[in-house]
Amino acid sequence: MTTIEAPRSPARPPRSKGVNWEKWGWLYMRASGVLLVVLIFGHLIVNLVLGEGIKAVDFGFVAGKWADPFWRVWDGLMLWLALIHGGNGMRTIVNDYAHNRTINRTLKILILAAVVVLILLGTYTVTFFDPCPSGAPAHLLPDFCSTISK
Amino acid sequence: MSEQIADGAVIDGVHYHQFDIVIVGAGGGGMRAAIEAGPHAKTAVISKLYPTRSHTGAAQGGMAAALSNVEEDNWEWHTYDTVKGGDYLVDQDAAEILAKEAIDAVIDLENMGLPFNRTPEGKIDQRRFGGHTRDHGKAAVRRACYAADRTGHMILQTLFQNCVKLGINFFNEFYVLDLLIGEVDGPDGTTQKRPSGVVAYELATGELHVFQSKAVIFATGGFGKIFKTTSNAHTLTGDGVGIIWRKRLPLEDMEFFQFHPTGLYGLGILLTEGARGEGAILRNASGERFMERYAPTIKDLAPRDIVARSMVQEVLEGRGAGPNKDYVYLDCTHLGAEVLETKLPDITEFARTYLGVDPVVEPVPVMPTAHYAMGGIPTTNNAEVLSDNTTIVPGLYAAGECACVSVHGSNRLGTNSLLDINVFGKRSGRNAVEYVKTAEFVPLPDNPAAGVRDMLEGLRTSTGTERIAAIRKELQEQMDRNAQVFRTDDTLAAVTETIHGLRERYRNVQVQDKGKRFNTDLLEAVELGFLLDLAEVVVFSARNRKESRGGHMRDDYPKRDDENYMKHTMAYLTGDPHSSNPADHIKLDWKPVVITRYQPMERKY
Amino acid sequence: MSTAVADAPAEGQASDAPEAIKSFVVTLIIRRFDPDVDTEPHWQDFDVEVYPTDRVLDALHKIKWDQDGSLTFRRSCAHGVCGSDAMRINGRNRLACKTLIKDLDVQKPIYVEAIKGLPLEKDLVVDMEPFFASYREVQPFLQANSTPPEGKERIQSVAERARFDDTTKCILCAACTSSCPVFWTDGQYFGPAAIVNAHRFIFDSRDDASQVRLDILNDKEGVWRCRTTFNCTDACPRGIQVTQAIAEVKQAIMRGHA
Amino acid sequence: MPVEAADTLESTRSRPGGTLYRGREGMWSWVLHRITGVAIFFFLLVHILDSVVLGISPQAYNAVIGTYKNPIMGLGETALVAAIAFHALNGIRIILIDFWSKGAKYQRIMFWIVIVVWVVLMLGFAPIHLMNVFSEGSAS
Ligand SMILES: Cc1cc2nc3c(=O)[nH]c(=O)nc-3n(C[C@H](O)[C@H](O)[C@H](O)COP(=O)(O)OP(=O)(O)OC[C@H]3O[C@@H](n4cnc5c(N)ncnc54)[C@H](O)[C@@H]3O)c2cc1C
Ligand code: HEM
Ligand code: SF4
Ligand code: F3S
Ligand code: FES
């Protein structure tokens with residue numbers, strides 16, 4: 001940075017009334033953070049540490065997990081909490097560094113879009129996931145599929 | 001003669017402003033005045049520093065007021081102590097006002113939000129301080145209201161906060177360089193001097209501003225920088241007093257400068273008398289509590305002049321500590337870490353930071369440090385500036401350390417200055433408001449900024465070779481050597497010579513920075529000019545007072561001489577200010593001391 | 001005892017100091033900028049003879065007074081109480097008058113530059129106006145509805161007084177605000193100093209406008225922007241626990257009262 | 001002091017515009033928190049997308065997840081877990097600073113605790129994970 005820092009804009013824009021996003025955002029980051037610690041570490045341990053770790057992860061593995069609604073709720077929660085947490089974090093960062101109004105706007109819209117789309121897709125997946133899609137090769141599916149399909 | 005110039009006009013590069021009241025200086029005195037004036041008149045405060053940088057913020061120990069919050073006390077005792085502390089050169093009517101209005105002054109500050117230390121009952125706490133006694137000298141009394149050892153900081157912040165609240169107009173880093181005085185028809189056909197405004201130099205841009213106003217209040221603080229070892233800030237160069245002097249208005253009691261006993265050795269940074277108020281003790285090399293010999297009753301809490309002199313005496317008689325036997329110790333070790341950390345945190349840190357000495361476990365090397373100008377711009381009890389012993393300059397006021405009311409006489413008591421700036425700051429503001437209600441603007445002279453412009457351009461473009469710093473250093477060292485705690489005719493004569501030589505050299509001074517914006521080099525050159533002028537007056541007045549009294553100790557005249565010198569010195573600038581012999585341009589006169597109740601007596605503590 | 005340190009000379013004593021005290025030469029590398037001629041700041045080296053007990057301010061003075069009079073910086077009290085001379089010394093915000101040469105690594109040059117995030121005016125001088133503007137916005141003055149008895153102080157217990165003691169020490173030097181990475185980003189954040197001065201009143205038992213100040217700081221540019229980087233606390237020359245104060249204000253906003 | 005002892009070096013070496021601010025634990029922990037946060041965010045985007053593939057077909061999912069089993073990705077995953085672990089631990093530190101009255105006082109110690117716990121976690125995790133990744137594949 002060789003340039004001289006620009007003066008602060010003289011007048012503060014009027015405070016917006018209504019919901020205080022900054023305060024709730026701040027609180028949300030902390031609340032979600034605490035929950036995420038449990039969710040993410042649980043997730044990591046189950047998927048990467050226990051058993052054969054990453055090598056064991058495949059369709060069958062996930063499907064097996066998701067057969068239990070407990071893990072569906074777990075992953076669903078993680079999805080929502082982490083995406084909103086991350087999205088809000090990214091918004092803060094954009095606000096810090098993107099001073100140009102249009103760039104700032106664009107980036108925030110992109111973040112929002114990414115978060116919304118992924119939450120929708122992800123939620124759809126965890127909710128309507130079919131562990132035993134018909135027509136799939138049986139060896140890729142979890143063991144219990146054979147019992148169900150009969 | 002130019003008529004009214006509209007507020008905001010820019011003519012020939014000079015900016016014009018118009019206010020009812022202009023206050024020069026944003027220390028405690030200036031801001032206290034602003035709080036009175038702001039709501040009632042269009043007021044501007046012009047300061048060469050951001051207000052919170054003013055040296056009032058350095059004051060530590062406390063502010064006196066006979067609140068009787070912790071023990072019996074009353075304002076009459078306070079008056080007596082002030083008079084006696086000032087070695088009877090105090091104007092007693094003024095001292096009475098000071099002591100009486102002290103109570104309101106403290107309460108005002110508390111009500112404005114000042115966070116004083118509290119007693120267990122939640123009242124303002126008070127501590128002992130040098131020279132403050134109960135019942136006319138019987139014992140030390142707890143009279144100083146304080147906030148840890150940052151009382152001045154809290155006062156400055158509180159006053160600034162209230163100025164923010166009131167929306168006072170500040171012109172920060174504007175350096176006032178001239179006072180404009182016009183002649184108007186007085187009441188009975190005479191002509192009268194009245195201020196028409198001031199001229200200021202804007203540091204950020206290098207441009208000149210003329211502030212036309214009906215009333216001007218000077219609150220520009222002291223001039224300790226004429227000495228080397230001083231508790232005063234680099235910026236305390238006596239500009240305000242110097243401007244008044246150059247306008248050929250008189251200065252009073254300039255020979256009386258206070259040397260505070262406990263300056264950090266070698267540095268002059270102050271360790272508050274509050275330390276001794278809390279029980280700290282002065283010791284010589286052998287660990288003896290030597291103040292017992294000089295002031296048997298109140299010992300270390302004797303007034304500053306006595307303590308400072310005793311310390312120098314110890315050193316001169318070979319009982320000083322250190323490799324050069326040139327300092328004494330302030331011993332706080334028995335106070336304990338608790339008291340030091342809670343009641344004297346800042347000075348504890350100063351000793352640690354600057355001397356590497358931890359007061360909790362070892363005594364701190366100290367020596368007297370130039371601290372406070374008792375003299376200054378003579379004013380009435382209403383803060384009106386005098387042009388001789390009795391005539392006021394209507395519309396011109398002075399308050400704070402730059403003024404001489406005189407409530408401090410020849411030696412100020414600790415905590416009486418923070419009081420002074422509040423009591424007389426308030427009075428100056430009030431009276432200025434009353435004055436501007438009926439007064440008219442005095443027309444500005446033609447080209448009001450011309451004088452200042454010439455001076456600045458002369459300095460900026462000079463091809464001189466003399467270093468500002470070299471001249472200043474020489475002045476400060478010689479003042480320390482010859483006009484400090486002990487003075488004789490010989491030393492004063494020597495420093496008179498020095499000053500003369502330096503004034504000659506100053507004409508050939510070099511300003512290296514030729515730029516317009518933030519030219520602090522130019523500023524230092526101007527400040528040096530004021531320092532030289534004031535040092536000359538100080539020394540000239542000191543030579544003339546052939547007695548010892550308060551802060552003025554003449555080794556060749558060690559006794560107080562009430563018969564000949566129970567009067568204030570008034571110094572006037574006459575003739576050619578550049579003439580070589582000060583006697584050719586300084587005329588001294590006397591002004592009687594106001595004595596009401598307390599007849600001069602020998603001072604014993 | 002104390003003599004080893006005490007006999008080292010202070011400012012200006014150099015010339016008549018006994019030989020025993022060793023002075024040495026350090027290099028100061030100062031980031032300079034003269035608005036009249038420069039378009040960009042540049043670095044300049046100065047070699048200065050100093051004593052270990054000298055302050056960086058003394059070294060700057062020696063440069064200004066003996067070498068280059070155009071070097072520009074603010075200073076007044078020279079002992080850390082007026083807040084004039086906050087600057088970035090070796091990459092950290094400090095007061096030049098409270099930084100002793102011996103506490104720096106004198107084998108290497110000392111880098112000195114203006115504080116960051118406020119508009120640079122000249123050499124080490126920045127425009128303080130934006131800083132004071134933020135300060136003014138938090139209503140830094142006592143607002144009490146109750147009237148104390150005529151001619152009497154308001155009562156405040158020792159404990160109530162202690163509640164806000166830490167934040168009364170602020171000298172408005174801007175070392176904190178100009179060390180805050182969030183403030184650097186766009187200068188819109190109120191900054192730690194303004195919050196400290198709001199804290200001073202929010203927790204003063206005599207004040208009745210805490211709610212107003214909490215509302216002001218419960219803003220897009222208010223306390224929530226603080227990312228607890230602690231630069232402010234590390235930089236504060238008065239040892240104020242700045243981040244702690246900010247945390248207390250956040251808590252108060254969440255609670256809904258001081 | 002003697003003027004000759006100190007002459008100006010006029011050299012103006014080329015140096016960066018300003019020095020890097022030398023913050024301490026608090027600042028560097030924040031820098032890391034920010035960087036890891038962004039990294040995790042982008043990873044998360046990808047990770048959710050690949051989970052969405054679950055809904056398409058088992059073959060497709062296995063193909064995607066297969067790439068995670070390649071050693072390069074294995075290293076990348078270790079880094080990611082390292083990032084998550086730091087972000088999470090430091091997140092807890094931040095939360096303690098915010099909600100525990102002594103949090104600000106102990107923030108520096110807490111930072112070093114975060115580092116220590118993080119190192120321990122990674123020492124526990126990395127070998128297991130890397131062994132799994134680099135061992136001759138049993139699964140699929
Ligand atoms: C270290 C120290 C400790 C002290 N402790 C105590 C104590 O415990 N108790 C006590 O009662 N007294 C104490 N005093 C004395 C007391 O603090 C001062 O005498 C008093 O604060 C002076 O206030 P003032 O408003 O007159 O001046 P200052 O606070 O010095 O303010 C002067 C103002 O004038 C401005 N100014 C000057 N020249 C110009 C110009 N030409 N143009 C524009 N503006 C100008 C400056 O910017 C500044 O704002 C102490 C003094 C010192 C130095
Ligand atoms: C594992 C548990 C997690 C915890 C405990 C946690 C905690 C936190 C906290 C407390 C903050 C706020 C920091 C501040 O205000 O200064 C934060 C910020 C952030 N987090 Fe997390 N987080 C976690 C997981 C995640 C995940 C999964 C992502 C990615 C999607 C993420 C991305 C971010 C981002 C981008 C920021 C903004 C950083 C900044 O503003 O500097 N975090 N995190
Ligand atoms: S909080 Fe500390 S660093 Fe910040 S302005 Fe106040 S004194 Fe300076
Ligand atoms: S440096 Fe800035 S981010 Fe917060 S802790 Fe201090 S205000
Ligand atoms: S000069 Fe006053 S704080 Fe450094």
Side-chain angles (χ1 to χ4, degrees), chain B residues 49-50 52-53 55 57-58 103-104 107 110-113 115-118 120-124 147 150 153-154 157 161-162 164-165 204 228 233-235 265-267 269 322-324 327 346 350 353-357 362-365 467-469 473 476 511-513 515-518 520-521, chain C residues 1-3 5-7 9-13 34-36 53 64-66 68-70 72-84 98 100 121-123 125 128 132 136 139-142 144 148 151-158 160-161 164-165 168-172 201 204 206-207:
Chain B
L49 302 171
Y50 271 91
T52 52
R53 316 281 183 240
H55 212 54
I103 297 166
D104 273 348
I107 298 297
E110 196 283 336
N111 290 174
M112 283 185 218
F116 283 108
N117 274 40
R118 299 287 172 154
E121 304 83 61
K123 294 197 277 188
I124 296 171
R150 344 190 151 93
H153 164 77
M154 300 296 189
Q157 294 287 330
Q161 289 156 2
N162 281 274
V164 170
K165 184 176 183 176
K228 184 178 98 177
H234 284 284
T235 46
Y265 170 69
L267 288 159
I269 296 173
N324 301 326
Y327 55 79
D346 279 6
F350 294 154
T353 307
Y354 296 110
L355 287 187
V357 172
E362 51 192 333
V364 186
R467 286 269 186 181
I468 301 165
K473 188 173 171 211
Q476 294 171 338
V511 174
Q512 290 181 327
D513 192 339
K516 271 182 83 79
R517 297 174 59 183
F518 280 101
T520 51
D521 202 27
Chain C
M1 226 184 341
S2 55
T3 48
V5 192
D7 57 7
E11 176 201 21
Q13 274 206 328
D34 179 350
D36 291 337
T53 48
K64 183 172 183 66
W65 293 345
D66 301 335
D68 181 352
S70 70
T72 305
F73 49 92
R74 293 191 178 101
R75 92 285 181 252
S76 182
C77 71
H79 64 286
V81 297
C82 76
S84 298
K98 273 194 96 171
L100 301 196
E121 295 269 11
K122 184 175 175 186
D123 292 352
V125 172
M128 296 291 285
F132 280 102
R136 286 192 294 265
Q139 307 196 357
F141 38 79
L142 188 79
K152 284 275 175 234
E153 67 264 47
R154 291 195 167 79
I155 298 297
Q156 181 168 53
S157 75
V158 174
E160 285 167 340
R161 166 67 179 76
F164 61 99
D165 183 63
T168 62
K169 297 189 296 199
C170 178
I171 51 174
L172 296 169
F201 290 98
D204 187 332
R206 300 168 295 174
D207 189 87

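In what follows, every chain begins at residue 1, and chains take the letters A, B, ... in the order their sequences are listed. No experiment lies behind these values; they were computed from the predicted model shown.
For B/Met112, the part lying near chain C is the backbone, with the side chain staying farther off; criterion is any non-hydrogen pair under 4.5 Å. With a 4.5 Å cut-off on non-hydrogen atoms, C/Ser157 touches chain B through its backbone but not through its side chain. B/Arg150 touches chain C through its side chain: at least one heavy atom from C-beta onward sits under 4.5 Å away, while N, CA, C and O do not. Of the atoms belonging to B/Ile468, not a single heavy atom falls under 4.5 Å from chain C. Looking at B/Phe350, the atoms closer than 4.5 Å to chain C (heavy atoms on both sides) all sit in the side chain, from C-beta outward. Both the backbone and the side chain of C/Lys98 come within contact range of chain B, with heavy atoms under 4.5 Å apart. No part of B/Gln476 comes within reach of chain C, as not one of its non-hydrogen atoms sits under 4.5 angstrom from that chain. Using a 4.5 Å cut-off between heavy atoms, B/Pro120 touches chain C through its backbone atoms (N, CA, C, O) alone.
Most heavy-atom pairs under 4.5 Å with chain B, from the set C/Ser76, C/Pro35, C/Pro140: that is C/Ser76. Highest contact tally toward chain B, considering only C/Val81, C/Thr168, C/Leu100, is held by C/Thr168 [criterion: heavy-atom pairs under 4.5 Å]. In terms of heavy-atom pairs under 4.5 angstrom with chain C, the leader among B/Ala204, B/Ala469, B/Gly113, B/Ala233 is B/Gly113.
Checked for salt-bridge contact, B/Lys516 and C/Asp34 miss the test: no charged N lies under 4.0 Å from a carboxylate O. Using a 4.0 Å cut-off between charged side-chain N and carboxylate O, C/Glu153 and B/Lys123 make no salt bridge.
Looking only at atom types and distance, the side chain of C/Lys64 has a donor-acceptor partner in the side chain of B/Thr520 under 3.5 Å away.
Every ring-ring contact (aromatic ring centres under 6.0 Å, His included) that B/Tyr50 has, sequence neighbours left out, goes to C/Phe132.
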Discussion item. What verdict does the ring-ring contact (aromatic ring centres under 6.0 Å, His included) test give for C/His79 and B/Tyr354, after you've listed the backbone C-alpha separation in whole Å, the side-chain angles of each residue and the deciding distance to 0.1 Å?
Written reply: CA-CA 9 Å; C/His79 64 286; B/Tyr354 296 110; 7.2 Å; no
